[in-house]
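Before any comments, here is the structure.
Counting from 1, the numbers follow the sequence of the chain as shown. Atoms considered below: every heavy atom in the structure, side chains included; atoms not considered: hydrogens, waters and symmetry mates.
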Amino acid sequence: MSENDSKHNCKLTVSGDSISKGVIFDEGKSKYVILEGNYINLLQSKYNGIIRNTARFGNTLIKGVTKLKYDVLNNKPDVVLLEYGGNDCDFNWDEVCNNPNAIHKPKTDFDIFGSKLKETLNFLKNNNIIAVVMTLPPLNADRYLKWISKNDTLAETNILKWLGNVSRIYQWQEKYSSAVLKIAKDTNTKCIDIRGAFLQYPDFSKFLCLDGIHPNEFGHKIIAIKIIDFILSDKAYLIKDNTNSSFN
């Protein structure tokens, strides 16, 4: 941000998927809900500026960027925070289950994901917007396998037959997260390592929902604290009471 940035009018747009939307799985209600204390709302409570959240459940990078370009041209944010990869690396698990011997492709091919992310970062920089990317929170492969197989033994067997090993779920998702990190470095883009924030805990799975992939309420606090600490290290005036980035 330039020296002329307003301390109370720095416009931040968040573009991402269900994690940034604030979606968690409520075990009591047995359905997905929007968490009131999601990381965006926690960040807004301490942010000296305006946050526009355009994240959508199910968003891939390609879907999200199409809307982002329109939003950027119309709302002219100062900063755009990109949170993508979780849906991009995912597969149609019903198709995998029904035909485990076939070749299946992710929602966004790995190489296309990388090239689209670079294209998006160039677009933002060409419009004089600061781009910030986030790595993916880690997932719990065993819990996610149970979730996508709907606790059906045959479905789980077929999915495992295609995977070869349950750890491939973790490794494949990690590959997309690592791509975000590498592209950020190659393009000199600011990056917030959310994955690292989770992995500093020996049992990071306790910060994930039953589905093994969406951060729970405590997971959202981890994300919010990591983002706030990142802002404090660069533009502390954008955080209210900038000596405190914790949440009760």
Side-chain angles (χ1 to χ4, degrees), residues 1-2 4-24 32-90 107-109 112-137 176-177 179-181 183-184 186-192 194 214-215 220 223-224 226-228 230-231 234-235 238-239:
M1 282 161 267
S2 69
N4 294 323
D5 287 339
S6 168
K7 293 185 179 182
H8 300 281
N9 198 35
C10 181
K11 295 192 292 184
L12 167 64
T13 290
V14 179
S15 180
D17 54 33
S18 55
I19 292 178
S20 293
K21 184 67 177 176
V23 173
I24 64 168
Y32 284 109
V33 299
I34 303 295
L35 174 68
E36 183 177 348
N38 62 69
Y39 89 81
I40 296 294
N41 288 344
L42 293 175
L43 175 60
Q44 181 66 83
S45 71
K46 291 182 176 290
Y47 185 70
N48 276 323
I50 302 165
I51 299 178
R52 177 178 170 81
N53 189 3
T54 64
R56 294 289 181 270
F57 190 94
N59 252 3
T60 59
L61 179 60
I62 293 173
K63 286 181 182 178
V65 166
T66 301
K67 296 178 181 178
L68 175 64
K69 289 182 177 180
Y70 174 85
D71 186 79
V72 161
L73 295 175
N74 283 273
N75 293 289
K76 297 178 171 49
D78 300 294
V79 182
V80 168
L81 176 61
L82 295 165
E83 178 269 313
Y84 286 104
N87 289 317
D88 297 276
C89 73
D90 208 18
K107 292 178 181 177
T108 307
D109 177 81
I112 293 176
F113 176 77
S115 61
K116 193 67 177 180
L117 181 56
K118 289 178 183 177
E119 176 191 311
T120 303
L121 296 176
N122 286 332
F123 167 78
L124 293 173
K125 291 173 183 178
N126 288 338
N127 281 276
N128 298 313
I129 295 168
I130 294 176
V132 182
V133 296
M134 292 167 51
T135 55
L136 304 179
Y176 278 66
S177 184
V180 172
L181 200 60
I183 290 169
D186 291 345
T187 59
N188 197 28
T189 299
K190 296 178 183 292
C191 180
I192 305 175
I194 298 301
H214 283 91
H220 275 268
I223 297 172
K226 185 68 175 179
I227 294 174
I228 290 170
F230 171 82
I231 297 173
D234 185 39
K235 301 290 180 183
L238 288 173
I239 300 298

Tell me if the CG atom of Asn74 is crowded by more than 12 foreign heavy atoms within 6.0 Å.
yes
Sub-3.5 Å donor-acceptor pair from the side chain of Asp17 to the main-chain atoms of Tyr84, do we have one?
no
For Phe113, the ring-ring contact (aromatic ring centres under 6.0 Å, His included) test, sequence neighbours excluded, returns Tyr176
Tell me the closest heavy-atom pair linking Ile50 and Tyr47, and the distance in Å.
N-CE2, 3.8 Å
Picking from His214, Arg56, Glu83, what satisfies side chain to side chain donor-acceptor pair (under 3.5 Å) with Ser18?
His214
In Å, rounded to the nearest 0.5 Å, how long is the span from CG of Leu43 to NZ of Lys226?
14.5 Å
Is a donor on one side and an acceptor on the other found under 3.5 Å between the side chain of Asn53 and the backbone of Ser20?
yes
Taking the side chain as C-beta and beyond, is there a heavy-atom pair between Asp78 and Leu12 under 4.5 Å?
no
Any chance you could lay out the side chain to side chain contact (heavy atoms under 4.5 Å, CB included) test for Leu82 and Leu121, step after step, and finish with the verdict?
CA-CA 9 Å; Leu82 295 165; Leu121 296 176; 3.8 Å; yes
Report yes if some heavy atom in the side chain of Thr135 is under 4.5 Å from a heavy atom in the side chain of Cys191; otherwise report no.
yes
Indicate yes or no for a side-chain donor-acceptor contact from Asn38 to the backbone of Ile40 under 3.5 Å, with no hydrogens or angles considered.
yes
Exercise: identify the closest heavy-atom pair between Ala184 and Val133
CB-CG2, 3.7 Å
Before giving the answer on side chain to side chain contact (heavy atoms under 4.5 Å, CB included), spell out for Ile192 and Leu81 the whole-Å C-alpha distance, their side-chain angles and the decisive distance to 0.1 Å.
CA-CA 9 Å; Ile192 305 175; Leu81 176 61; 4.3 Å; yes
Do you know which two heavy atoms are closest between Cys10 and Leu238, and how far apart they sit?
CB-CD2, 3.7 Å
Quick one: does Ile231's side chain get under 4.5 Å of Lys46's, heavy atoms only?
no
Step by step, would you call Thr187 with Lys125 a side chain to side chain contact (heavy atoms under 4.5 Å, CB included)?
CA-CA 10 Å; Thr187 59; Lys125 291 173 183 178; 3.8 Å; yes
Is Phe57 atom CZ crowded by more than 12 heavy atoms from other residues, nucleotides or ligands, each under 6.0 Å away?
yes
Just by distance, do the side chain of Asn126 and the backbone of Asn122 share a donor-acceptor pair under 3.5 Å?
yes
Taking Ile183's backbone N and O only, do any of them form a donor-acceptor pair with Asp186's side chain (distance below 3.5 Å, no angle check)?
no
Does any N or O in the side chain of Tyr39 come within less than 3.5 Å of the main-chain N or O of Ile19, such that one atom is a donor and the other an acceptor?
no
Indicate every side-chain donor-acceptor pair of residues 60-69 with a distance under 3.5 Å to a residue at least two apart or in another chain.
unit_1, atom_1, unit_2, atom_2, d
Thr60, OG1, Lys63, N, 3.4
Thr66, OG1, Ile62, O, 2.9
Lys69, NZ, Glu119, OE2, 3.1

Kindly say whether Val132 contributes a backbone atom to a donor-acceptor pair with the side chain of Thr189 at under 3.5 angstrom?
no
If you apply the rule side chain to side chain contact (heavy atoms under 4.5 Å, CB included), what do you find for Val72 with Leu124, and how did you get there?
CA-CA 8 Å; Val72 161; Leu124 293 173; 3.9 Å; yes
Is it true that Lys190 and Asp234 have a side-chain N and a carboxylate O under 4.0 angstrom from each other?
yes
Given side chains that start at C-beta, do those of Lys21 and Asn59 come closer than 4.5 Å, heavy atoms only?
no
Which pair of heavy atoms, one from Gly85 and one from Leu136, lies closest together, and at what distance?
C-CD1, 3.8 Å
Keeping Asn127 on the side-chain end and Phe123 on the backbone end, is there a donor-acceptor pair under 3.5 Å?
yes
Smallest separation among heavy atoms of Leu42 and His220, with atom names
CD1-O, 4.1 Å
Search all heavy atoms of Lys11 against all heavy atoms of Asn75 and return the closest pair with its distance.
NZ-O, 2.7 Å
For the backbone of Gly49 and the side chain of Gln44, can you confirm whether one donor and one acceptor N or O come within less than 3.5 Å of each other?
yes
